[in-house]
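Only one structure is covered here, and it is reproduced in the block below.
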Amino acid sequence: MKIVEARVIVTCPGRNFVTLKIVCDDGTTGVGDATLNGRELAVAAYLREHVVPALIGRDPARIEDTWQYLYKGSYWRRGPVTMTAIAAVDTALWDIKGKVAGLPVYQLLGGRSRSGVLVYGHASGPDVESVLSSVASYVSRGYRAVRVQAVVPGISDIYGVSAGPLYEPATAGVADEAVWSTPHYLAHIPAVFAAVRAEFGPTLQLLHDVHHRLTPLEAGRLGKALEPYALTWMEDPTPAELQDAFRVIRQHTTTPLAVGEVFNTIWDCTQLIQERLIDYIRTTVVHAGGITHLRRIFDLAALYQVRSGSHGATDLSPVCLSAALHLDLAIPNFGLQEYMPHTAETDAVFPHGYRFADGMLHPAEEPGLGVDIDEELAAAYPYRPAALPVNRLTDGTLHDW
Ligand code: EZ4
Ligand code: CO
C-alpha cells in the first residue's frame, strides 16, 4: 500500500478544528486531529507545506518509521506545532492500520484492559448553590467524577465557569483580557469544596483545575486546605516548565496532582514522573505526538505508579477523543479521561461511534478509530480567527491564564 494523498481540512462548526485525512492507493483513508487552539493555521501550514509532500508514496503501515522520520527529520524537534502535526499523521496511520487489520485500534494496542473509560464532567456556577445543582445534574446523568470550578467573589472573569452548558474560552479575534487575584481565589475555593463534599458524600470523585495560576507555595497551601475534601486531583497548580517546582507542592500536601495538558513530549515530564512529583499525567494524543508517543509517555508513567488523565476539552476534536479512548482502554495505568461533549454542529462534521453510558465512554467497535470527517459539511463552516484569553493581576501585570 502507498499513501497517494493527504488533505488538511480546516473547519469551524462553532469552533476551529484542523484535521488531516490520509488517502491510500486502495482507497483506505485515515483521520488525525491537528487542532492547536488559537494557533490552528500554524499547524495547517506546517502540515501542508512540510509534511504532506513527504507522505506521498510512503507505506502507511510503517507508523514508527514515519514518526521517527518526521521527528528526527525536522531537525528542530519538539514544540507544540511540530508535535501536533506529527500527532495528526500518527493518528491517521493507526486508523488506517486498524481498517486494514479489520480491528478497532485498541485491539492493536494490546486489547481491552477494562470495561470502559471513566470520564469526568465539568460542573461550575456563579455561586455555591448553582455549583451544587450543576454537580447534581452530572450525578443524575451517571457521572462518577466531576470537575468543580466556581466564580470567585471579587474576580469578574474566572477560568472554567460557563454561562450555558458549553464552555468555550477562545473568543473571536484577538485575546480577551481577564483580571486575576490569588488572595480572593485562595480565600474562596476551599468553602466551595466543603459544600460539594457535604452534599454528595465521600465517593463522588471531585477534581479542580487551578489552570497554572499559583506559585508552588500557594499551591501547597491550597492543596493542604483541600485535603479534608479528598480530591481526585488538583490540576495544573503552577506552570510546569520548571518541573522542580512540584517538589515544593509535594512537601506541603497529599492532595493528588495532575499536569501535562500543554506538554508535547516525554521530555516535558521525565522528572515529574521519575521523582513521582505528580499522580496523573494529562498529555494527549493530539498535542503529544499521537498514539505512538503518548503510549511511550504512559508506559514510563506506569513504572512510577503515575496514571493517565488525558486532557479532553472541546478544542480537542472527536477524532482526538476517539483515539484517546482506544489508548485509554488498552493501557494498564489508565486513571481518568476528561470529557466535554461537543456541539451538535461539531458532532455532525465528525461522525463517530463512541458512546457515553454509566459514567464511561466506550470507543466504537468498528475497524480503525471509528470516526471520520464529513468534508462537504466541514466546508460549510469556514475558519474564523479566535484566540485564548490572557490574564492580568489587578495592577496590570501579565499573569498565567
Ligand atoms: O483551557 O483546552 O482542563 N482543561 C483545560 C482546557 C484548556 C483549553 C485550552 O485550549 O484546561 O479548558
Ligand atoms: Co486544564
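Counting starts at 1 for both ligands and their atoms, in listed order. Numbering of residues begins at 1 and proceeds along the displayed sequence. From a predicted model like this one, the values you see are computed outputs, not experimental measurements.
Taking distance alone, with nitrogen or oxygen atoms compared against 3.5 Å, Trp401 stays at or beyond that limit from ligand 1. In terms of polar-atom proximity, His311 is counted as a contact of ligand 1, with an N or O under 3.5 Å from an N or O of the ligand.
In this structure, Arg282 fails the cation-pi test against Phe263, since its NZ or CZ atom is not both closer than 6.0 Å to the six-membered ring centre and inside 45 degrees of the ring normal. By the 6.0 Å and 45° rule, Arg58 stacks over the aromatic ring of Tyr69.
For ligand 1 and Asp209, the ligand atoms under 4.0 Å from any heavy atom of the residue are 3 (O), 4 (N), 5 (C), 11 (O). Every atom of ligand 1 is numbered from 1 in the order shown, and the set under 4.0 Å from a heavy atom of Glu338 is 3 (O), 4 (N). Per-residue contacts place Asn37 under 4.0 angstrom from the following atoms of ligand 1 (heavy atoms of the residue considered): 10 (O). Close approach to Arg147 involves these atoms of ligand 1, each under 4.0 Å from a residue heavy atom: 3 (O), 4 (N). Interface of Arg282 with ligand 1, defined as ligand atoms under 4.0 Å from a residue heavy atom, comprises 3 (O), 4 (N).
Ion pairing between Lys21 and Asp95 fails under the 4.0 Å rule for side-chain N and carboxylate O. Using a 4.0 Å cut-off between a side-chain N of Lys or Arg and a carboxylate O of Asp or Glu, Glu64 and Arg295 do not qualify as a salt bridge. In this structure, Glu275 does not pair ionically with Arg250, as no charged nitrogen and carboxylate oxygen lie closer than 4.0 Å.
Side chain of Gln271 to backbone of Gln243: no donor-acceptor contact under 3.5 angstrom is found.
Considering the Co ion (ligand 2) as centre, the angle to OE2 of Glu235 and to OE1 of Glu261 is 90° (10° rounding).
Here Asp236 has no heavy atoms under 4.0 Å from ligand 1, in either its backbone or its side chain.
As for Asp209, its N/O/S atom nearest the Co ion (ligand 2) is the one called OD2.
Summary of contacts: the protein heavy atom closest to atom 5 (C) of ligand 1 is Tyr159 OH, 2.9 Å.
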| query | Which is it for Glu338 and Tyr120 under the side-chain contact (heavy atoms from CB on, under 4.5 Å) test, yes or no, and what are the steps along the way? | reply | CA-CA 5 Å; Glu338 185 177 22; Tyr120 68 92; 3.3 Å; yes
